[in-house]
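This one's a predicted model, so the numbers in the text were calculated from it and none came from an experiment.
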Amino acid sequence: MHVTGTAPQSAPAPSEELTAAVGDLPGTGRHTRRFGLPVATALVMGNIIGGGIFLLPASIAPYGWVSLIAFGVLTVGAIALALVFGRLAARDPRTGGPYVYAREAFGDFAGFLAAWAYWITTWVSNAALAVAAVGYLDVLIPVGHHKWTACLAALVLQWLPALANFAGTRYVGAVQLVSTVLKFVPLLLVAVGGLFFFDPSRLGPFNASGHGAIGAVSASAALLLFSYLGVESAAVSAGEVRNARRNVGRATVIGTAGAALVYLLGTLSVFGTVEHHRLVASAAPFSDAVNTMFGGSWGGTAVALAALVSMTGCLNGWTLLSAQTPYAAARDGLFPAAFARRRRGVPTVGVGVTVVLSSLLTAYNYLSGSAKVFDVLVLVTTFTATVPYLLATAAQLFHLVSGRSVDRPRLVRDSVITAIAAAFSLWLMAGAGYAAVYQGVLFLFAGVLVYAVMAARRRRKPADTAGAVPETW
């Protein structure tokens, strides 16, 4: 065990036995099931394709269709990041993802920052997804005309997936697979069918932001990053994936590439079927697109129902991820020991704390009267997500430069991919905007105080128990 705050001198890659041990923890049983490649891929695609694709066409419409260029650039960066996560997971297939990679490369403090920032990302993302889902629920049941009913609906949408997680990983995987399949019906309907109704005159201006094209691309990309959050899903849950060294990388790349294709076609179709001035003010752009394509309101209602299923599935997966990174950090003594408690394969304390925090944030944003609740939450997660992404990319760069566990024939290719992923993360951090960076930094600095307390408690323990798994789980 290396000294707190210093990089390990020599840390061998964890064995498959260590990875497999996750399935043998107390509290596992018939409610626990390790994921294969299909469910791991569904977890990635389900978490990527959630609330983002169903609401973001309206969020980026004010920038004009220059934002489609941002989508293309973002896709290249996201796939590069997916490849980096695949390589890191093949080297170290433990639950925790960016936290594990950062801590193994740079020490406890870097690992804690990755875990803390990622944890913030997950519960803020849950709040943002619930807000987005209310817009589609309003198509079915009028709940969005009053902030109290809208807030209550958003809270219910967060707690239902939390209850599924409390039931065990077996049910989490089942919900994720079914919701991922169901969400593709409306997405493919709009993505493919919308091309036959595409009208270039509906696209609106190329750049409607009032700023330069590069600034518009960066600003819209900051919002669009939310659409790609989840690329790390299989890596974060690697301990629950069978044959993780192989399947995590495959699931990450396949899931990200598939999501990117659906994103690009779907957004292009919405831009080309809904008038620009209507799209800017739309709360359910995919429903509006189907209504424009076929007339009436039945198509929009069907899309709204499918969107709700999709977002509920996404919340289901994100709720699981929200507990995995704190669980891994708690086992190393960097998070409170309660986060390491598991029941039926799920870190239940992590799930409970996360859903409470996301609920409080949701209520605050509704009751504060913010007109752009979704956009505010998205930009905060944009910044906090780039912290673990950048640390994970830096860990891969560290391994490449130091020559540890490096595949020499793939060195040049891995170096280029890592450089693209690093530039991508830095660009997105800059594009989040001053307000998001300000709020995000406050969240991170609060974490420094938590780390100080946890580090002091660890140092009081005997050296032989400093890295032991807490007995409380």
Verify, without hydrogens or angle tests, whether [X] (side chain) and [Y] (backbone) share a donor-acceptor contact under 3.5 angstrom.
{"X": "S233", "Y": "V44", "result": "no"}
{"X": "S415", "Y": "L411", "result": "yes"}
{"X": "R202", "Y": "E275", "result": "no"}
{"X": "T267", "Y": "L264", "result": "no"}
{"X": "N126", "Y": "S358", "result": "no"}
{"X": "S282", "Y": "R278", "result": "no"}

How about [X] and [Y]: do any of their side-chain heavy atoms sit closer than 4.5 Å?
{"X": "V441", "Y": "F383", "value": "yes"}
{"X": "E232", "Y": "Y389", "value": "yes"}
{"X": "F197", "Y": "T292", "value": "no"}
{"X": "V448", "Y": "F109", "value": "yes"}

Side-chain donor-acceptor pair present, [X], [Y], cut-off under 3.5 Å:
{"X": "T354", "Y": "W119", "result": "yes"}
{"X": "Y451", "Y": "D108", "result": "no"}
{"X": "T121", "Y": "T384", "result": "yes"}

Using the rule given for side chain to side chain contact (heavy atoms under 4.5 Å, CB included), can you reason through S359 versus W159, listing the C-alpha separation, both sets of side-chain angles and the distance that settles it, and then say yes or no? CA-CA 9 Å; S359 297; W159 279 91; 3.0 Å; yes

Residue of the set Y99, F398, F112 for which ring pair (Phe, Tyr, Trp, His ring centres under 6.0 Å) holds with F106: F398

Please determine if R94 and E104 form a salt bridge, counting it only when a charged side-chain N lies under 4.0 Å from a carboxylate O. no

To the nearest 0.5 Å, what is the distance between [atom1] on [X] and [atom2] on [Y]?
{"X": "L157", "Y": "L137", "atom1": "CG", "atom2": "CG", "value": "6.0 Å"}
{"X": "S425", "Y": "I420", "atom1": "OG", "atom2": "CD1", "value": "12.0 Å"}
{"X": "L195", "Y": "L268", "atom1": "CG", "atom2": "CG", "value": "6.0 Å"}
{"X": "F85", "Y": "L81", "atom1": "CZ", "atom2": "CG", "value": "4.5 Å"}
{"X": "I417", "Y": "R87", "atom1": "CD1", "atom2": "CZ", "value": "9.0 Å"}
{"X": "S201", "Y": "H276", "atom1": "OG", "atom2": "NE2", "value": "12.5 Å"}

Looking at [X] and [Y], what are the two nearest heavy atoms and their distance?
{"X": "T319", "Y": "P161", "value": "OG1-CB, 4.2 Å"}
{"X": "I60", "Y": "S220", "value": "CG2-O, 4.2 Å"}
{"X": "L279", "Y": "P285", "value": "CD1-CB, 3.6 Å"}
{"X": "A259", "Y": "M45", "value": "N-CE, 3.8 Å"}
{"X": "V270", "Y": "P57", "value": "CG1-CB, 3.9 Å"}
{"X": "T75", "Y": "A260", "value": "CG2-CB, 3.4 Å"}

Between [X] and [Y], how do the two ring planes meet: parallel, tilted or perpendicular, split at 30° and 60°?
{"X": "F206", "Y": "W65", "answer": "perpendicular"}
{"X": "F71", "Y": "Y263", "answer": "tilted"}
{"X": "W116", "Y": "F335", "answer": "tilted"}

Test side chain to side chain contact (heavy atoms under 4.5 Å, CB included) on F196 and M293 and set out the steps. CA-CA 9 Å; F196 294 96; M293 290 161 56; over 6 Å; no

Could you walk me through whether Y63 and V217 pass the side chain to side chain contact (heavy atoms under 4.5 Å, CB included) check? CA-CA 8 Å; Y63 296 100; V217 168; over 6 Å; no

Working for side chain to side chain contact (heavy atoms under 4.5 Å, CB included), residues D199 and T273: CA-CA 6 Å; D199 184 351; T273 54; over 6 Å; no

Under 6.0 Å from the CH2 atom of W123, do we count more than 12 heavy atoms belonging to anything else shown? yes

Please name the residue in the list L391, L88, T393 that meets the side chain to side chain contact (heavy atoms under 4.5 Å, CB included) test with Y101. L88

